[in-house]
Amino acid sequence: LCHQAIYQEWQGSMHAKAYSNAFFQAYHKKDKYDPSCLVCHTPLENQLEKTISYRNQNYYRPIEKENPAFDAVLQSEGVTCAVCHVRDGVILGPYSREQLDSPHPVKYDPKFKSKDLCLQCHQVPSKPFSLMRTGVCSTGEEFVGNIWDQKGYQCQHCHMDRVQRSLVAGYPERETRMHNWPGGYSDEQLEKAFSFQAVRRENSLWVTITNSGAGHKVPTGDPDRYIDLDFSWRTTAAVEVGEGEKIKSIRFKRQLIWQPIIFELSDNRLAAGESLEFEVPLESLAEPNFGELWVQGTYHIMTDWSYKRLENNYGLDDAADIHRPFLNRMIILQSDSNIK
C-alpha cells in the first residue's frame with residue numbers, strides 16, 4: 001500500500017463498515033432491502049449486485065438489473081477510498097498534481113475543502129408523501145446556515161483533524177487530514193459537544209446546557225439514537241464514592257412516527273449554539289453550600305426494545321454495547337457576580 005497511515009485510519013472507521021456493520025445489515029433486512037440505502041452505504045456502481053434506475057422519477061418502483069461488473073470484495077469495503085477520490089480514472093483531492101509531484105494522475109477538486117463532499121451522503125432528503133420538514137437523516141440541513149457554517153467551518157474541521165505527515169513514505173511532509181471521521185461512536189467527540197454552566201441566583205441553582213461543540217444537532221443522523229444527561233448533587237460523602245442524589249434527567253431525542261405515514265412527533269435536540277436552562281431550588285439539595293454538581297452523559301444507539309426486535313426478527317448478531325457512557329464531569333458553580 002502507498003498510503004499506509006490513511007488506509008489504517010480508514011480501516012478503523014465507520015466508513016469501512018458502512019456495508020458490513022451488523023446494525024446496517026439488520027436494518028437493511030427490516031427495510032426489505034430498499035435499494036436506496038445502498039446509494040450511501042455502497043456508492044460505487046460495481047459495489048452493487050444490481051444496477052438501479054427509475055422511470056419518471058418514481059422512487060418507489062426501482063428498476064433493477066443484474067450488474068455484470070459487481071465486485072463482492074469491493075462491496076464489503078463500504079465507503080472505500082474510490083468513493084470520494086476516483087472519477088473517470090483520475091484521483092481527485094485537495095491538491096493538484098503539481099503540488100504533489102504525484103506518480104499518477106491527480107486533479108484538484110474544490111469539494112474536498114467544502115461540506116458538499118460530505119453532504120452527498122450525510123443528508124437524506126425527505127421522501128414524497130411524508131409530513132417531514134427535513135429528511136430522516138438531516139445532518140446537512142442542521143448544519144447549513146448555523147453559527148459554525150456562517151463562520152466558514154466545514155465538516156472536515158471537526159471530523160478530519162489536521163496532521164503534518166508524508167502521504168507516501170519517502171515523500172516530503174505536508175499538511176493533510178486524518179481519515180478516521182470520529183462521530184457518535186467516539187466518546188472524545190461526544191464530550192466536546194456540550195458545555196455546562198451552573199449559577200447560584202437567589203434561592204435557586206440555574207443550570208444551562210449548550211450545544212457549543214457540534215455543527216449540528218446532537219445526536220444526529222439515525223433517529224434511533226438519543227442521549228441522556230443525568231445531573232446529580234453530591235455531598236462530601238457522596239463525592240468520595242462517586243454517587244449522589246439525582247436532581248434532573250434530560251433526554252435529547254428526535255421521535256418519528258413511521259406508519260402509516262412518516263412524520264416528526266417531537267425533537268428536543270439542541271441546534272448548534274442553542275441552550276437549554278433549568279432551575280433547581282436550593283432548598284431541595286442536601287448541603288446546598290458544600291455539595292458538588294455533576295453531570296453524566298450516556299449515548300444510546302437505540303432502545304433495548306429496538307435491539308431485541310432487530311435481534312429476534314432481522315438477524316442482528318452484535319455484542320456492541322448500545323448504551324455507552326461518555327461523560328462524567330463536575331460543573332463548577334458560579335454566583336451572579338462572577339457572570340459577565
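All heavy atoms count here, side chains included; hydrogens, waters and symmetry mates do not.
- Within the 3.5 Å criterion, the main-chain N or O of Ala22 finds no donor-acceptor partner in the side chain of Gln25.
- Across Leu229 and Gly297, no two heavy atoms sit closer than the pair CD2-CA, 3.8 Å.
- Shown here is Asn312, whose CG atom has more than 12 heavy atoms of other residues, nucleotides or ligands within 6.0 Å.
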Chi angles and distances behind the salt bridge (charged side-chain N to carboxylate O under 4.0 Å, His left out) call for Arg269, Glu142:
CA-CA 11 Å; Arg269 298 171 301 156; Glu142 294 165 13; 3.3 Å; yes
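- At least one donor-acceptor pair under 3.5 Å links the side chain of Asn211 to the backbone N or O of Ala214.
- Closest of all the heavy-atom pairs between Cys40 and Val79 is O-CG2, 3.5 Å.
- Residues Phe194 and Trp206 do not share a hydrophobic cluster, clusters being chains of Ile/Leu/Val/Met/Phe/Trp/Tyr side chains in contact below 4.5 Å.
- Side-chain contact, Glu292 with Trp294: a donor N or O sits under 3.5 Å from an acceptor N or O.
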Worked verdict on Lys65 versus Glu45 for salt bridge (charged side-chain N to carboxylate O under 4.0 Å, His left out):
CA-CA 12 Å; Lys65 294 183 179 179; Glu45 182 179 350; over 6 Å; no
Given salt bridge (charged side-chain N to carboxylate O under 4.0 Å, His left out), test Arg87 with Asp109 step by step and report yes or no.
CA-CA 11 Å; Arg87 296 290 183 278; Asp109 187 340; over 6 Å; no
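- Taking CG of Asp230 as the start and CG of Asp228 as the end, the distance is 6.0 Å to the nearest 0.5 Å.
- One finds a salt bridge joining Arg324 and Asp187 here, because a Lys/Arg side-chain nitrogen approaches an Asp/Glu carboxylate oxygen to under 4.0 Å.
- With Asn146 contributing its side chain and Gly215 its backbone, the two residues share a donor-acceptor pair below 3.5 Å.
- Taken to the nearest 0.5 Å, the CG atom of Leu256 stands 9.5 Å off from the CZ atom of Phe263.
- When all heavy atoms of Leu190 and Gly183 are compared, the pair lying nearest together is CG-O, 4.4 Å.
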Decide salt bridge (charged side-chain N to carboxylate O under 4.0 Å, His left out) for Asp267 and Lys253; before the verdict, give the C-alpha distance in whole Å, the side-chain angles of both, and the deciding distance to 0.1 Å.
CA-CA 6 Å; Asp267 184 4; Lys253 181 172 176 57; over 6 Å; no
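- Within the 4.5 Å cutoff, the side chain of Arg200 has heavy atoms near those of the Leu333 side chain.
- The NE2 atom of His159 sits 5.5 Å away from atom CD of Gln189, with the distance rounded to the nearest 0.5 Å.
- Between Leu310 and Met302, some side-chain heavy-atom pair lies under the 4.5 Å cut-off.
- Closest approach of Gly221 to Thr139, counting heavy atoms only: N-OG1, 3.6 Å.
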After noting the C-alpha distance and the side-chain angles of Leu270 and Lys217, does the key distance pass the side chain to side chain contact (heavy atoms under 4.5 Å, CB included) rule?
CA-CA 6 Å; Leu270 298 177; Lys217 294 185 177 182; over 6 Å; no
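- A cation-pi arrangement is present between Lys248 and Phe278 under the rule of less than 6.0 angstrom and at most 45 degrees off the ring axis.
- For Lys308 and Trp305, the positive end is not near the middle of the six-membered ring at less than 6.0 Å and at most 45° from its axis.
- A 6.0 Å sphere centred on CG of Asn289 holds more than 12 heavy atoms belonging to other residues, nucleotides or ligands.
- For the atom pair OG1 of Thr303 and CZ of Arg309, the computed distance is 10.0 Å after rounding to the nearest 0.5 Å.
- Side-chain contact between Phe70 and Asn46 is absent, with no heavy-atom pair separated by less than 4.5 Å.
- A ring-centre distance under 6.0 Å is not found for His15 and Trp10.
- Rounding to the nearest 0.5 Å places OG of Ser13 at 10.0 Å from NE2 of His179.
- Judged purely by distance below 3.5 Å, without hydrogens or angles, the side chains of Glu77 and Thr80 pair a donor atom with an acceptor atom.
- In this structure, the ring of Phe143 has its center no less than 6.0 angstrom from the ring center of His216.
- The distance from atom NE2 of His300 to atom CZ of Arg225, rounded to the nearest 0.5 Å, is 13.5 Å.
- Counting heavy atoms of neighbouring residues, nucleotides and ligands inside a 6.0 Å radius, atom CD of Glu175 exceeds 12 of them.
- By the neighbour-count criterion of 12 heavy atoms within 6.0 Å, atom CD of Glu173 is densely surrounded, having more than that number from other residues, nucleotides or ligands.
- The shortest heavy-atom contact between Asn328 and Arg234 is OD1-NH2, 3.6 Å.
- You'll find the ring centres of His28 and Tyr314 outside the 6.0 Å limit.
- The six-membered or imidazole ring of His3 lies away from that of Tyr7, with a centre-to-centre distance of 6.0 Å or more.
- In this pair, Tyr153 and His157 present their aromatic rings perpendicular. The plane angle is above 60°, beyond the 30 to 60° band.
- For the pair Gln150 (side chain) and Ile147 (backbone), a donor-acceptor distance under 3.5 Å is absent.
- At a threshold of 4.5 Å between non-hydrogen side-chain atoms, the residues Tyr19 and Gln75 count as touching.
- With hydrogens and angles left out, the side-chain atoms of Glu279 and Ser204 include a donor and acceptor closer than 3.5 Å.
- Each of Val90 and Val86 belongs to its own hydrophobic cluster when Ile, Leu, Val, Met, Phe, Trp and Tyr are linked at side-chain heavy-atom distances under 4.5 angstrom.
- Relative ring orientation between Phe231 and Phe196 is described as perpendicular, the plane-to-plane angle rising above 60° on a 0-90° scale split at 30° and 60°.
- Under the 6.0 Å cut-off for aromatic ring centres, Tyr33 and Tyr27 do not qualify, their centroids lying 6.0 Å or more apart.
- Side-chain contact check for Ser20 and Ser76: no donor-acceptor pair (N or O, by modelled atom type) lies under 3.5 Å.
- Within 6.0 Å of CD on Gln164 lie more than 12 heavy atoms contributed by other residues, nucleotides or ligands.
- Between the side chain of Gln296 and the backbone N or O of Pro325 there is no donor-acceptor pair closer than 3.5 Å.
- Figure legend: cation-pi geometry between Arg174 and Tyr95, with NZ or CZ positioned under 6.0 Å from the six-membered ring centre and within 45° of its axis.
- Ser166 places a side-chain N or O within donor-acceptor distance of the main-chain N or O of Tyr171, the cut-off being under 3.5 Å.
- Atom NZ of Lys111 is surrounded by 12 or fewer heavy atoms from other residues, nucleotides or ligands within 6.0 Å.
- The 12-atom threshold is exceeded at CG of Asp321, counting heavy atoms of other residues, nucleotides or ligands nearer than 6.0 Å.
- At least one donor-acceptor pair under 3.5 Å links the side chain of Asp71 to the backbone N or O of Leu74.
- Put simply, the side chain of Gln197 never gets that close to the backbone of Ile209: no donor and acceptor are under 3.5 Å apart.
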